[in-house]
A.B. asks: 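Okay, handing you the structure first.
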Amino acid sequence: MPKNGNNGKPLNVVGKPFRKVDARAKCTGQTKFADDIVLPRMLFCKILRSHLPHALIKNVDVSKALALPGVISIITGKDLPISYGILPVSQDELALCIDKVRFIGDPVAAVAAIDEDVAFDAMNLIEVEYEPLNTISSIEEAILIDDPLIHEYGDAGNVHKKVSLEFGNVEDGFALADLVREDTFFYEGNTHLPMEQHAAVGNFDPDNKLTLWSSTQTPHYVHRALAKVLELPASHIRVIATPNGGGFGGKSDPFNHEVVVCKLSMLTGRPVKVTLTREEVFYCHRGRHPVLMHVKTGVKKDGAITGMHFQTFLDGGAYGSYGVASTFYTGALQTVTYDVPRYKFQGLRAFTNKPPCGPKRGHGTPQPRFGLEVQIDKIAEELKLDPAAMRRANLVKPDTVTANYLRIGSMGLGKCLDKIVEGSGWTDKFSGWDQDNRKLPYGKGIGIACSSYICGAGLPIYWNNMPQSGVQLRLDRQGGVCVMCGSTDIGQGSDSILAYIVAEVLGIDPFDIRVITADTDLTPVDLGSYSSRVTLMTGNAAIQAAERARELLVMAVAEELKVPIENLSLAERRVFDVENPEVGVTFAKAVVLAESKFGTIGTVGSYSPPRSPGRYKGAGVGPSPAYSYSAAIAEVDVDPSTGIVVVERIWIAHDIGKSINPMLVMGQVEGSVYMGLGEVLMEEMVYRANRNVVHKFPSMLEYKSPTTMEMCDVKTYLIEDPDPNGPYGAKEVGQGPLLPVPPAVANAVYDAVGVRIDEVPITPEKVLKALREKAKGRDGRYGPTGIPSVEWPEPLRVLTPAEGGDGKEMPRVAVHS
Amino acid sequence: MSNPTKQKSHIQFALNGEPAEVAFAPHKTLLEVLREDLGLMGTKHGCELGECGTCTVLVNGRAILSCLMLGLDAEGQAVKTIEGMAEGAQLHPLQETFADTGAAQCGYCTPGFLLVAEELLKKDPNPSRDVIKEALSGNLCRCTGYIKIYEAVELAAARMRGEEAELPRESVYGL
Ligand code: FES
Ligand code: FES
């Protein structure tokens with residue numbers, strides 16, 4: 001039973017497919033995105049970016065550019081000397097580079113001019129003298145070469161971060177196993193490609209305060225970065241996140257263009273706008289890290305895992321961004337689907353001279369999930385087990401704590417598996433590992449995979465004891481209700497979720513409510529739209545705020561009607577006696593009564609996640625109030641003569657806990673499947689020339705993403721297994737359903753033509769190469785063959801809960817005994 | 001190189017059914033003229049290179065990419081943008097169904113999809129799913145996976161044919 005919910009009372013709003021509160025605006029072109037903001041006397045900004053991947057800046061001469069008529073101001077690195085970054089441990093970015101540039105696209109100077117054309121011409125008149133440096137273009141190079149250094153910090157040379165953790169003794173696990181498998185996988189990087197290019201408007205107001213409108217998913221973190229870099233009191237800065245035209249994680253860092261327009265506005269006293277070109281959006285990146293993986297897993301004959309050793313190598317690009325968190329995430333969630341009693345994780349993130357990687361939908365977890373689920377498939381084949389049944393038999397149990405101290409609440413993965421196995425006709429289609437007695441014709445195949453994702457990170461990005469989400473309600477005597485929250489609508493519908501939940505508690509219509517969000521002056525802090533945290537955290541905060549308001553209303557109405565408080569119910573815009581429903585007042589009258597009795601009616605609610613049982617260093621990544629679960633089956637058609645893979649249909653079941661709005665949940669599932677499909681079939685952020693650091697495809701035409709012609713049919717099942725920590729039991733859906741798609745497709749390709757593509761994306765060339773190898777009697781596989789040799793630090797050892805551990809790491813000396 | 005004092009060009013055309021005239025730098029695209037010189041911000045941009053379809057408008061009833069058309073070429077033409085799709089306060093059936101089905105998630109691609117769909121339904125009041133896919137294939141959407149968009153187009157088509165249609169239950173609640 002959810003702690004925050006309706007306690008068995010019928011629901012009037014939650015669970016119903018209402019329109020989104022902003023749907024009409026979005027369908028009439030009235031939604032104001034950042035680039036739609038126009039202010040009087042507004043200037044336009046263009047940012048000069050480095051065309052070299054790694055170079056010292058010897059001189060920047062802006063004199064010719066400044067002389068151009070219409071140019072109002074030009075700034076360079078020395079105007080913004082303070083560094084910033086999203087994580088406190090990686091404050092390694094400058095709004096404009098001072099001494100050196102680290103990738104093609106690094107910002108060097110910025111122009112403010114009376115229009116965009118003038119700004120563009122002026123940008124091209126800026127003369128920069130560079131001294132080129134050698135580049136670091138791969139994980140291997142970053143490990144081997146420490147001259148030149150891309151950054152002066154990190155764990156070793158050009159290695160940004162090394163992580164080594166061991167829960168229980170993994171070698172004991174392998175000794176207990178009937179089968180130990182080792183595999184290597186590679187997941188290529190890809191990017192968010194939001195349809196809206198990032199844009200921002202800075203305005204230094206006449207009252208000496210700064211306002212920034214920006215297409216950001218994290219206004220609170222941008223607020224903090226601006227205060228630091230611009231050296232203004234945070235209380236004099238207002239950040240308003242405009243509705244995001246898609247985010248997917250790509251608008252979650254504080255960005256140089258946001259800092260730059262603020263600074264230019266402070267210098268010129270005029271509003272300044274910047275809108276990135278599509279090419280610049282590719283350079284902003286912060287997308288999926290390319291990850292090379294080595295996975296060693298021991299299993300019993302029935303597929304029960306006895307131990308797992310997971311190694312990941314991340315190509316981080318030129319800056320830290322979320323990279324330390326991304327690295328931990330590549331090792332965090334392996335344990336939450338199938339029981340893994342002993343687990344070792346080693347992760348390494350490299351700096352390279354490429355656009356920085358960061359969080360994309362599923363942040364750091366789709367890559368290891370791909371490796372894990374393909375390896376599970378290979379294990380099932382070796383054990384001659386049905387891969388669906390083997391998964392089903394080894395699931396993590398609800399209400400348990402994993403070896404790495406993640407507390408599992410509700411767990412609907414078993415139900416998810418049952419639904420898709422039945423719905424897809426799995427048993428009538430799967431080859432049963434017997435290519436000679438196939439059920440589907442050669443070339444057609446079916447594959448399965450499972451996954452899980454967090455519903456909000458347990459910890460904020462910077463250490464503090466304050467709530468992660470706050471909601472404020474104001475009720476006025478006309479019966480109006482205004483809900484204010486720092487959350488940011490990036491298309492997922494978070495504004496609507498607030499309205500639905502407040503409407504449910506107060507017994508009014510969601511469209512009676514005015515929602516004000518993502519404005520650091522007007523709304524209480526919510527940390528932002530990342531880590532699938534918003535419905536769970538703002539939802540719980542909204543319930544608390546609304547219940548506090550309801551309490552005031554019923555107290556006042558009870559006194560007026562002389563009815564016991566317990567008898568009063570709120571529904572259909574009335575407050576009434578449940579035993580005698582005609583006795584009651586309108587909602588508006590109830591507010592008047594409450595305001596007369598208590599004064600102006602405003603309430604607040606807030607949410608902090610429960611404390612995680614993990615206490616070891618690194619335990620901050622992975623804990624969540626709840627975990628969502630997904631399972632998918634893909635049916636594919638592979639043409640053996642061309643290698644072209646067509647995904648015909650995907651059956652997906654998602655354990656949502658409880659749908660606040662099922663229609664929006666369906667949309668998130670379908671959108672996630674789409675994005676996973678793009679990643680597994682075609683999307684890749686790849687580089688060429690100049691030792692492989694020049695972006696190959698900085699355009700939408702060349703960066704292939706699925707159109708309507710590539711999108712597959714999707715059959716969706718929603719599993720409702722309410723979680724105690726979710727509002728009404730709700731869990732996340734924005735990211736999780738992407739995860740099972742790439743491995744399910746890879747497994748289906750194997751079922752179709754008998755070759756293993758251990759690499760994403762699965763392009764026709766790779767399939768053809770593997771088929772040719774197989775035809776020659778060799779291993780029908782395409783994928784990486786090895787991993788770099790690395791000196792790993794001694795792992796931090798933690799006893800598992802089953803071993804009686806307390807969640808803390810063991811003292812180092814025990815390691816050598 | 002552009003010159004900020006360069007003389008502007010002037011055109012007259014029909015915009016959302018009303019006579020309009022506007023002066024602008026002659027190199028500007030119709031997209032720029034609509035957004036910057038006429039203040040109609042409903043037309044979006046995702047690439048300005050003809051790759052994404054977000055800038056779609058109807059010119060004489062045909063869907064075109066406004067980022068690839070010079071503003072000057074709109075002289076004497078009839079241009080319709082998303083702002084002209086509703087009849088007064090009455091939304092077009094496509095706008096209603098896009099709103100009702102959640103076909104607009106972030107909403108950034110939505111104006112483009114709506115106008116392409118409007119053109120499609122004028123030509124073919126009962127398009128099959130494959131015909132819809134083909135018609136929408138020049139427009140990218142990163143949020144929806146296109147499925148709710150197909151469903152919205154089908155629902156609007158049915159309603160425009162006078163049928164009393166609703167979304168199938170499985171599209172709303174899953175199977
Ligand atoms: S803006 Fe992308 S096609 Fe016109
Ligand atoms: S709804 Fe966001 S791009 Fe289509």
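What you are looking at is a predicted structure, and each value in this text was computed from that prediction instead of being measured. Labels below follow one simple rule: chain letters A, B, ... track the order of the sequence lines, proteins then strands, and each chain is numbered from 1.
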A.B. asks: Check whether A:R278 reaches the backbone of B:G46 with its side chain - one donor and one acceptor, N or O, closer than 3.5 Å.
C.D. replies: yes
A.B. asks: B:G174, B:A99, B:G107: which one forms the most heavy-atom pairs within less than 4.5 Å of chain A?
C.D. replies: B:A99
A.B. asks: Heavy-atom distance under 4.5 Å to chain B: side chain of A:L701, backbone, both or neither?
C.D. replies: both
A.B. asks: Please determine, among A:M675, A:M709, A:E196, the option with the most heavy-atom pairs under 4.5 Å with chain B.
C.D. replies: A:E196
A.B. asks: Side chain from CB out, backbone as N, CA, C, O: work out which of these in B:A104 comes under 4.5 Å of a heavy atom of chain A, or both, or neither.
C.D. replies: both
A.B. asks: Which residues pass the side chain to side chain contact (heavy atoms under 4.5 Å, CB included) test with A:D22, sequence neighbours left out?
C.D. replies: A:K20, A:K26, A:D489, A:S496
A.B. asks: Are more than 12 heavy atoms from other residues, nucleotides or ligands located less than 6.0 Å from atom CD of B:E163?
C.D. replies: yes
A.B. asks: For residues A:T28 and B:L91, determine if any side-chain heavy atom of one lies less than 4.5 Å from a side-chain heavy atom of the other.
C.D. replies: yes
A.B. asks: Can you see which heavy atom on A:P17 is nearest to which on B:Y173, and at what distance?
C.D. replies: CD-OH, 3.3 Å
A.B. asks: I want to check something: taking the side chain as every heavy atom from C-beta on, are B:Y150 and A:M711 in contact at a cut-off of under 4.5 Å?
C.D. replies: yes
A.B. asks: Do A:R19 and B:E96 have side chains that approach each other closer than 4.5 Å (heavy atoms only, starting at C-beta)?
C.D. replies: yes
A.B. asks: For residues 646-656 of chain A, give me every residue with a non-hydrogen atom less than 4.5 Å from any non-hydrogen atom of chain B.
C.D. replies: none
A.B. asks: Which residues in residues 135-145 of chain B have a heavy atom less than 4.5 Å from any heavy atom of chain A?
C.D. replies: B:L136, B:S137, B:L140, B:C141, B:R142, B:C143, B:T144, B:G145
A.B. asks: Tell me whether A:E422 at atom CD has more than 12 heavy atoms from other residues, nucleotides or ligands lying less than 6.0 Å away.
C.D. replies: no
A.B. asks: What option among A:A23, A:S672, A:P662 has the most heavy-atom pairs under 4.5 Å with chain B?
C.D. replies: A:P662
A.B. asks: With only heavy atoms counted, which part of A:V714 is less than 4.5 Å from chain B, the side chain, the backbone, both or neither?
C.D. replies: both
A.B. asks: Could you check whether any side-chain heavy atom of B:K148 comes within less than 4.5 Å of a side-chain heavy atom of A:E670, counting everything from C-beta outward?
C.D. replies: yes
A.B. asks: From A:M666 CE over to B:I147 CD1, what is the distance, rounded to the nearest 0.5 angstrom?
C.D. replies: 8.0 Å
A.B. asks: Against chain A, label B:H92 side chain, backbone, both or neither, depending on which of its atoms sit under 4.5 Å from a heavy atom there.
C.D. replies: neither
A.B. asks: Among A:M700, A:K32, A:M195, which residue forms the greatest number of heavy-atom pairs with chain B at distances under 4.5 Å?
C.D. replies: A:M195
A.B. asks: Side chain, backbone, both or neither: which part of A:E279 has a heavy atom under 4.5 Å from chain B?
C.D. replies: neither
A.B. asks: Do B:L167 and A:M663 pass the side-chain contact (heavy atoms from CB on, under 4.5 Å) test, and can you show the C-alpha distance, the side-chain angles, and the key distance before you say yes or no?
C.D. replies: CA-CA 10 Å; B:L167 267 194; A:M663 176 111 68; 4.0 Å; yes
A.B. asks: Side chain, backbone, both or neither: which part of A:F18 has a heavy atom under 4.5 Å from chain B?
C.D. replies: neither
A.B. asks: Would you give the length of the straight line joining atom OG1 of A:T708 to atom CG of B:D130, rounded to the nearest 0.5 angstrom?
C.D. replies: 10.0 Å
A.B. asks: B:R35 versus chain A, heavy atoms under 4.5 Å apart: side chain, backbone, both or neither?
C.D. replies: side chain
A.B. asks: In terms of heavy-atom pairs under 4.5 Å, which option from B:G42, B:G39, B:C106 contacts chain A the most?
C.D. replies: B:C106
A.B. asks: For A:D36, which atoms come within 4.5 Å of any heavy atom of chain B: side chain, backbone, both, or neither?
C.D. replies: both
A.B. asks: Surrounding NZ of A:K658 (heavy atoms of other residues, nucleotides or ligands, distance under 6.0 Å), is the total greater than 12?
C.D. replies: yes
A.B. asks: Report the residues that fulfil ring-ring contact (aromatic ring centres under 6.0 Å, His included) with A:F33, sequence neighbours left out, ordered by chain and then residue number.
C.D. replies: B:Y108
A.B. asks: Using a 3.5 Å distance criterion without hydrogens, assess whether the side chain of B:Q95 forms a donor-acceptor pair with backbone atoms of A:R24.
C.D. replies: no
A.B. asks: Heavy atoms only, distances under 4.5 angstrom: which of B:E134, B:E170, B:H45 has the most pairs with chain A? Name it, please.
C.D. replies: B:H45
A.B. asks: B:G53, B:P111, B:C52: which one forms the most heavy-atom pairs within less than 4.5 Å of chain A?
C.D. replies: B:C52
A.B. asks: Distance alone, cut at 3.5 Å: any donor-acceptor contact between the side chains of B:E83 and A:Q30?
C.D. replies: no
A.B. asks: Tell me, do A:E702 and B:E51 make a side-chain contact under 4.5 Å, heavy atoms counted?
C.D. replies: no
A.B. asks: If you measure from the Lys or Arg side-chain nitrogens to the Asp or Glu carboxylate oxygens, is any gap between B:K44 and A:D35 under 4.0 Å?
C.D. replies: no
A.B. asks: Which residue out of A:G423, A:P194, A:P706, A:C712 racks up the most heavy-atom pairs below 4.5 Å with chain B?
C.D. replies: A:P706
A.B. asks: Answer with side chain, backbone, both or neither: which region of B:E48 has an atom nearer than 4.5 Å to a non-hydrogen atom of chain A?
C.D. replies: side chain
A.B. asks: Please identify, among A:C27, A:G29, A:A25, the residue contributing the most non-hydrogen atom pairs under 4.5 Å to chain B.
C.D. replies: A:C27
A.B. asks: Compare every heavy atom of A:Y717 with every heavy atom of B:L175, then report the nearest pair and how far apart it is.
C.D. replies: CB-CE2, 3.4 Å
A.B. asks: Checking A:T275 against chain B: side chain, backbone, both or neither under 4.5 Å from a heavy atom?
C.D. replies: side chain
A.B. asks: Take a 6.0 Å sphere around CZ of A:F697 and say whether it holds more than 12 heavy atoms from other residues, nucleotides or ligands.
C.D. replies: yes
A.B. asks: Kindly indicate whether the side chain of A:V38, heavy atoms from C-beta on, has any atom under 4.5 Å from the side chain of B:M41.
C.D. replies: yes
A.B. asks: Which atoms of B:S171 are under 4.5 Å from chain A, going by heavy atoms: the side chain, the backbone, both sets, or neither?
C.D. replies: backbone
A.B. asks: Which atoms of A:T277 come close to chain B, meaning under 4.5 Å heavy atom to heavy atom: side chain ones, backbone ones, both, or neither?
C.D. replies: neither
